[in-house]
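Worksheet for the structure shown next.
Source: prediction; values computed, not measured. No hydrogens, no waters, no symmetry mates; every other heavy atom, side chains included, goes into these values.
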Amino acid sequence: MQTTFTPSDLQRSVISVPPLCRDANFKVSAAENTKLIRHIENGGVDIFLYGGNANFYNISLGEYEEVLDQLAEVAGANSLIIPAVGPTLAP
């Protein structure tokens, strides 16, 4: 997984906002997230923004480290994972 980036990195790729996959018991699914990341990477996109649409704001504090480790582990060598955390804006 890429750990630094420059403005040119952002210019060369679409920024994907994939969902965070969970299983039937609502646990974060490493297998399904891996499939989704590989599918997106195979399409030429290597920047992943997790937040908002990805429901990343719905993970518990107890899940946070595990989820970050899981995403970092499965991301390709040139992929950039951006965890976006914070409250949502409600009308």
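- Contact between Gly44 and Ser13 at its shortest, heavy atoms only, is O-OG, 4.4 Å.
- Thr34 OG1 to His39 NE2: the interatomic distance, rounded to the nearest 0.5 Å, is 14.5 Å.
- The two residues Tyr50 and Pro19 make their nearest non-hydrogen contact at CE2-O, 4.1 Å.
- Two residues are said to be in side-chain contact when any heavy atoms from C-beta on lie closer than 4.5 Å; Leu36 and Cys21 meet this criterion.
- Legend: salt bridge (charged side-chain N to carboxylate O under 4.0 Å, His left out) pairs involving residues 32-41, not counting sequence neighbours, sorted by first then second residue: Glu32-Lys35, Arg38-Glu41.
- Listed by first then second residue, pairs satisfying salt bridge (charged side-chain N to carboxylate O under 4.0 Å, His left out) with a partner in residues 63-79 read Arg22-Glu63, not counting sequence neighbours.
- Between atom CG of residue Leu71 and atom CD1 of residue Ile37 there is a gap of 5.0 Å, rounded to the nearest 0.5 Å.
- Residue Ile15 holds its CD1 atom at 5.5 Å from CD1 of Ile82, rounded to the nearest 0.5 Å.
- Remark: the backbone N or O of Lys27 is not paired with any side-chain donor or acceptor of Asn25 at under 3.5 angstrom.
- Under the side chain to side chain contact (heavy atoms under 4.5 Å, CB included) criterion, Val14 pairs with Val45, sequence neighbours left out.
- Ser16 approaches Phe48 most closely through the heavy-atom pair OG-CD2, 3.3 Å.
- Remark: Ser79 OG to Ile47 CD1 distance equals 9.0 Å, nearest 0.5 Å.
- Among pairs with a residue in residues 7-18, those fulfilling salt bridge (charged side-chain N to carboxylate O under 4.0 Å, His left out) read Asp9-Arg12, Arg12-Asp46, at least two apart in sequence or across chains.
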